[in-house]
Amino acid sequence: MKNRTVLCLLAVLASAILSGCATTSKRPPVSGKEQAYLQDICESNGIVWEWEQVSEVVTLKYRNTRAQAMIDSDVVLMGDEKISLSAPIRRTRGAVTVPGDFQWKVIDRLRQKTVAQKSDGIPKVRKIVLDAGHGGKDPGAIGRNGTKEKGIVLDIAQRLKKILQERGMNVVMTRDSDEFIPLEGRTAIACRQNADLFVSIHANASPARSVYGVEVYSQKPLKKISRIALERKINEDLLFKNLAMRRDSSDVKKIVSDMLYGNKQAESKDLAENMAQKVSRQIKTKDLGAKTADFHVLRNTLIPAVLVEVGFLSNPKEEKLLNNSEYRQKIAQGVAEGIMDYVNERK
Ligand SMILES: [Zn+2]
């Protein structure tokens, strides 16, 4: 993808996020007995709020506590707690309106929770899925001297696993040997394991042999229609089984999956940027930066997910370096640093 396109996408995304308490304007009173403007409630209670208009997710923050809700839903999530409102949250003339019980059920609760410091609502990272690309009958990219991507990335993933385990992380591998695992299988592992982060390791190839460096991908923002793709549904079912939700609560399922989606988009992008920087510094190569793409392994997980391209097998110099175990260890260290920065921010 061209850099300019990426910038455009980011600009569109950024403009879609409206920061709540920044502006005040005179508005007509809300129709309906008990609806109130969310902006007014937030302002009078010192709560920062955001409305992500693509996913329709509304996020409220008070100190270290966070609550999330969705337009047209009467459910609010605060940490592990699910709050039911008397009526759905609505979009009225370009503003967000909430029912009367929002104040005591959500706002007061949010402020109390902060005082009690029981739960901050930001998911902690406990379990990480490492996905070594390709394997078995699928060699991935092949260098001029015959280096196969599948072997290089498995070795890096195994080194990475060791480093992360030494730092106390719970690590699950999608493959731990030279075996073929279909793409659906890889993301299903992430959901079945109730993991918090998905990191896929790959090596690049380009028709231009001179191209080299490290790049990290996160999922390209999805249109609503592709967000209800069949495979994603299957993974959601697995995920919700883990969250032990009743199967008939379809409304709750939708809101939770959309929230995870919104959360995933923002977090994956930050993680990708930091990881590209950490890895390229570690191995002193070019930082090609964070990019977005529509990769299957990134699309079909509801947790933050990134795909690291550790170097180009099509570049003779990088092919040689990737065959060096010290170099692969450094790559693993760089990826681990990126992951641990992300983990520590959520402690
Ligand atoms: Zn690959």
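This one's a predicted model, so the numbers in the text were calculated from it and none came from an experiment.
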Is it possible for you to say whether Ile142 and Val211 belong to one hydrophobic cluster, with membership spreading through side-chain heavy-atom contacts below 4.5 Å?
no
Once rounded to the nearest 0.5 Å, what's the spacing between atom CD of Gln165 and atom CE of Met169?
10.5 Å
Quick one, Asp341 and Lys278 - any side-chain contact, counting heavy atoms below 4.5 Å?
yes
Are the charged groups of Asp196 and Lys127 less than 4.0 angstrom apart, N to O?
no
Is Arg144 atom CZ crowded by more than 12 heavy atoms from other residues, nucleotides or ligands, each under 6.0 Å away?
no
Leu60 versus Phe102: any side-chain heavy-atom pair under 4.5 Å?
yes
What's the separation between atom OG in Ser314 and atom CG in Asn204, rounded to the nearest 0.5 Å?
7.0 Å
Applying side chain to side chain donor-acceptor pair (under 3.5 Å), can you list everything that pairs with Lys61, at least two apart in sequence or on another chain?
none
Here the gap from Thr65 atom OG1 to Gln112 atom CD, rounded to the nearest 0.5 Å, amounts to 11.0 Å
Here the gap from Cys42 atom SG to Ile107 atom CD1, rounded to the nearest 0.5 Å, amounts to 5.0 Å
Under 3.5 Å, side chain of Thr147 to main-chain N/O of Gly143, donor-acceptor pair present?
no
Between the side chain of Asp101 and the main-chain N/O of Ser86, is any donor-acceptor distance below 3.5 Å?
yes
Quick test of your reading of the model: are Lys269 and Glu273 salt-bridged, counting only N-O distances below 4.0 Å?
yes
Would you say that Ile331 contacts Ile201 through its side chain, given a criterion of any heavy-atom pair below 4.5 Å between the two side chains?
no
Side chain to side chain donor-acceptor pair (under 3.5 Å) filter on Glu179, not counting sequence neighbours, yields none
Contact check, side chains of Arg90 and Val96, non-hydrogen atoms, under 4.5 Å
no
Within the structure provided, determine whether Met70 and Ile89 are in side-chain contact (heavy-atom separation under 4.5 Å).
no
Check whether Asn344 reaches the backbone of Met340 with its side chain - one donor and one acceptor, N or O, closer than 3.5 Å.
yes
Other residues, nucleotides, ligands: >12 heavy atoms within 6.0 Å of Glu166 CD:
yes
When rounded to the nearest 0.5 Å, the distance separating CG of Leu160 from CG of Leu130 is 4.5 Å
Is it possible for you to say whether Met275 and Tyr212 belong to one hydrophobic cluster, with membership spreading through side-chain heavy-atom contacts below 4.5 Å?
no
Ser84 backbone acceptor or donor facing Lys105 side chain under 3.5 Å:
yes
Applying side chain to side chain donor-acceptor pair (under 3.5 Å) to Thr59 and not counting sequence neighbours gives Gln68
Quick one: do Ile163 and Val129 end up in the same hydrophobic cluster if we chain Ile, Leu, Val, Met, Phe, Trp and Tyr together by side-chain heavy atoms under 4.5 Å apart?
no
Just by distance, no angles: are the side chains of Glu215 and Tyr217 close enough, under 3.5 Å, to form a donor-acceptor pair?
yes
Once rounded to the nearest 0.5 Å, what's the spacing between atom CG of Leu197 and atom CD1 of Ile339?
6.0 Å
Could you go step by step and tell me if Met173 and Asp131 meet the side chain to side chain contact (heavy atoms under 4.5 Å, CB included) rule?
CA-CA 6 Å; Met173 306 275 281; Asp131 173 50; over 6 Å; no
Asp72/Arg91 ion pair, N-O < 4.0 Å:
no
The test is side chain to side chain contact (heavy atoms under 4.5 Å, CB included); show your working for Ile47 and Leu110 and say whether it passes.
CA-CA 9 Å; Ile47 287 166; Leu110 191 62; 3.8 Å; yes
Val279 and Lys330: CA distance, side-chain angles, deciding distance, side chain to side chain contact (heavy atoms under 4.5 Å, CB included) verdict
CA-CA 8 Å; Val279 178; Lys330 279 186 182 162; over 6 Å; no
Could you list all the salt bridge (charged side-chain N to carboxylate O under 4.0 Å, His left out) pairs where at least one residue sits in residues 307-325, not counting sequence neighbours?
none
Close side-chain approach of Asp176 and Gln158, heavy atoms under 4.5 Å
yes
Kindly determine whether Thr285 and Ser280 satisfy side-chain hydrogen bond (donor to acceptor under 3.5 Å, both in side chains), including the steps that lead there.
CA-CA 5 Å; Thr285 189; Ser280 55; over 6 Å; no
Counting only pairs under 3.5 Å, give me each side-chain donor-acceptor contact of residues 148-156, with atom names and distances, residues two or more places apart or in other chains.
| unit_1 | atom_1 | unit_2 | atom_2 | d |
| --- | --- | --- | --- | --- |
| Glu149 | OE1 | His134 | NE2 | 3.3 |
| Glu149 | OE1 | Ala141 | N | 2.7 |
| Glu149 | OE2 | His134 | NE2 | 3.1 |
| Glu149 | OE2 | His202 | ND1 | 3.1 |
| Glu149 | OE2 | Ala203 | N | 2.9 |
| Lys150 | NZ | Gly136 | O | 2.9 |
| Lys150 | NZ | Asp178 | OD1 | 3.3 |
| Lys150 | NZ | Asp178 | OD2 | 3.1 |
| Asp155 | OD2 | Arg159 | NE | 2.6 |
| Asp155 | OD2 | Arg328 | NE | 2.6 |

Closer than 3.5 angstrom, by distance alone: can the side chain of Arg111 be matched with the main-chain N or O of Asn45 as a donor-acceptor pair?
yes
Salt bridge (charged side-chain N to carboxylate O under 4.0 Å, His left out): pairs with one or both residues in residues 279-290, sequence neighbours excluded
none
Restricting to non-hydrogen atoms, name the atom on Ala272 and the atom on Ser218 that form the minimum distance, rounded to 0.1 Å.
CB-CB, 4.4 Å
Please check this pair: side chain of Arg186 against backbone of Arg175, looking for a donor-acceptor N/O pair closer than 3.5 Å.
no
Applying side chain to side chain contact (heavy atoms under 4.5 Å, CB included), run through Val214 and Leu288 and close with a yes or a no.
CA-CA 6 Å; Val214 169; Leu288 297 171; over 6 Å; no
Among the clusters formed by ILVMFWY side chains lying less than 4.5 Å apart, do Val199 and Ile181 turn up in the same one?
no
